[in-house]
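First the structure, in the form of structure tokens, and then the observations on it.
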Amino acid sequence: MSTNVLFDLPGPRTRLRNNVLTLVSAAVLLLIAYLVIAKLGEKGQLDAAKWEPFLRGDTWTGFIIPGLISTLQAAVVAAVLAMAFGVLFGLGRLSDHRVVRVFCGGVVEFFRAIPLLILIFFVQAGPATLSGYTVSVPAFWAVVVGLTLYNGSVLAEIVRAGILAVPRGQSEAAYAIGLRKSEVMRLVLVPQATTAMMPAIVSQMVVLLKDTALGWIIAYEDLLNNGLKQFAVNYGNLIPSAIVLALIYVAINLALGWLAHWLERRNRRSRTSAAGPVTPPSAIGTGGGRSGGPGREAVATME
């Protein structure tokens, strides 16, 4: 007989209660959806005329596709810079030098504490105000810098936590065979932490992509700005436009999640196939390591 160590198996009465609660919850959600759809129908937001502009080519070539390109450009550039920022300051927080560790920690905590909307606004308006409006930061770079500082600070914490999550015995074994700290990080800790960090990194990349919509505060012509502030105002179909834009964001984020899962599976398979056989204890003493210890090639068995 199978047993469950996490919780007691529900009895007939509990299963009946759970089924009833599930049906009631589903009925409530369907009722809410019906009321929302009915209200939109009364306001004429579901009329065919409201959706007809999305069937024309000029709608996509003039508003949606240019906005989508601007969104993806800002997201890609900011993602690359944020990853570099996160790795640099995440490793800096693990430095043996107190000055470096405190400085990196202060930078990360400072930018994590500031709302992204304020960061974007300050990057765009700050230099112009301080220079008497002789210096102007393009909206694209204001959005990218704001996204980089905020999301890079979050990624720095993800990198730090991922490396600290690797069992201590891995680094101790690497030090025991004579590796320096930089080599331990590069050969042992970071490769193992990458797989564990992948879900959190992808989740933050999805957040970064959605946060590009905050560029509306400085009139950055992204997908949201073109789709709602320009297209919807011209055609008076705010709700249909919001639904279409939401579906586009969902499709992009689902594709990003699928890509991350594919990379994670590929990374695990490559590590499994690359791992060499474990050296027998009798052969360890003849290895190329220091003081008769195992050579550096034994690091492959620890990853």
Gap separating the [atom1] atom of [X] from the [atom2] atom of [Y], nearest 0.5 angstrom:
X: Leu147; Y: Ile120; atom1: CG; atom2: CD1; answer: 5.0 Å
X: Tyr150; Y: Leu155; atom1: OH; atom2: CG; answer: 11.0 Å
X: Leu208; Y: Leu81; atom1: CG; atom2: CG; answer: 10.0 Å

Worksheet item: Taking only residues two or more places apart in sequence, or in another chain, which ones meet Phe85 in a ring-ring contact (aromatic ring centres under 6.0 Å, His included)?
Response: Phe89
Should [X] and [Y] be counted in the same cluster of Ile, Leu, Val, Met, Phe, Trp and Tyr side chains packed under 4.5 Å apart?
X: Val145; Y: Val137; result: yes
X: Val24; Y: Leu16; result: yes
X: Val102; Y: Leu88; result: no
X: Val135; Y: Val143; result: no
X: Leu254; Y: Leu259; result: no

Among residues two or more places apart or on two chains, list those pairs meeting side-chain hydrogen bond (donor to acceptor under 3.5 Å, both in side chains) that have a residue in [range].
range: residues 120-130; value: none
range: residues 198-214; value: Asn151-Gln204
range: residues 238-255; value: Asn237-Ser241

Closest non-hydrogen atom pair between [X] and [Y], with its separation:
X: Leu224; Y: Ala213; value: CD2-CB, 3.5 Å
X: Val184; Y: Ala174; value: CG2-CB, 3.7 Å
X: Ala156; Y: Val108; value: CB-CG2, 3.8 Å
X: Ile158; Y: Met197; value: O-SD, 3.4 Å
X: Pro127; Y: Ser131; value: O-OG, 2.6 Å
X: Ala193; Y: Gly162; value: CB-O, 3.4 Å

Discussion item. Please evaluate residues Leu256 and Ile252 with respect to the criterion side chain to side chain contact (heavy atoms under 4.5 Å, CB included), reporting the C-alpha separation (whole Å), side-chain torsions for both, the decisive distance (0.1 Å), and the verdict.
Written reply: CA-CA 6 Å; Leu256 183 61; Ile252 296 174; 5.6 Å; no
Can you find a pair of side-chain heavy atoms, one from [X] and one from [Y], that are under 4.5 Å apart?
X: Ser153; Y: Val107; answer: no
X: Ile64; Y: Asn226; answer: no
X: Leu21; Y: Asn19; answer: no
X: Ile163; Y: Gln192; answer: no

Item to complete: Give the C-alpha distance, both sets of side-chain angles, the deciding distance and a yes or no for side chain to side chain contact (heavy atoms under 4.5 Å, CB included) between Val207 and Val154.
Response: CA-CA 11 Å; Val207 172; Val154 177; over 6 Å; no
Response to the item:
Applied to residues 43-75, the ring pair (Phe, Tyr, Trp, His ring centres under 6.0 Å) test, sequence neighbours excluded, yields Phe54-Phe231, Phe63-Phe231
Practice prompt. Could you note down all residue pairs passing ring pair (Phe, Tyr, Trp, His ring centres under 6.0 Å) where residues 103-125 supplies at least one of them, sequence neighbours left out?
Written response: none
Compile the donor-acceptor pairs under 3.5 Å between side chains in residues 68-80 and protein atoms, sequence neighbours left out, one pair per line.
unit_1 : atom_1 : unit_2 : atom_2 : d
Ser70  : OG     : Pro66  : O      : 3.1
Ser70  : OG     : Glu221 : O      : 3.2
Thr71  : OG1    : Gly67  : O      : 3.1
Thr71  : OG1    : Leu223 : N      : 2.9

I need the full list of salt bridge (Lys or Arg N to Asp or Glu O under 4.0 Å) pairs touching [range], with sequence neighbours left out, sorted by first then second residue.
range: residues 52-62; value: Glu52-Arg56, Arg56-Asp58
range: residues 192-202; value: none
range: residues 75-96; value: Arg93-Glu109, Arg93-Glu157, Asp96-Lys181
range: residues 236-256; value: none

Expected output: side-chain [X] to main-chain [Y] donor-acceptor under 3.5 Å:
X: Arg101; Y: Ser95; answer: yes
X: Thr59; Y: Pro53; answer: yes
X: Asn225; Y: Tyr220; answer: yes

Item to complete: Run the numbers on Leu179 and Tyr175 for side chain to side chain contact (heavy atoms under 4.5 Å, CB included), then give the verdict.
Response: CA-CA 5 Å; Leu179 297 183; Tyr175 286 127; 5.5 Å; no
Item to complete: Walk me through it: do Leu189 and Ser171 pass the test side chain to side chain contact (heavy atoms under 4.5 Å, CB included)?
Response: CA-CA 7 Å; Leu189 297 182; Ser171 57; 4.2 Å; yes
Using distance only, find each side-chain donor-acceptor pair of residues 27-39 under 3.5 Å and give its atom names and separation, not counting sequence neighbours.
none

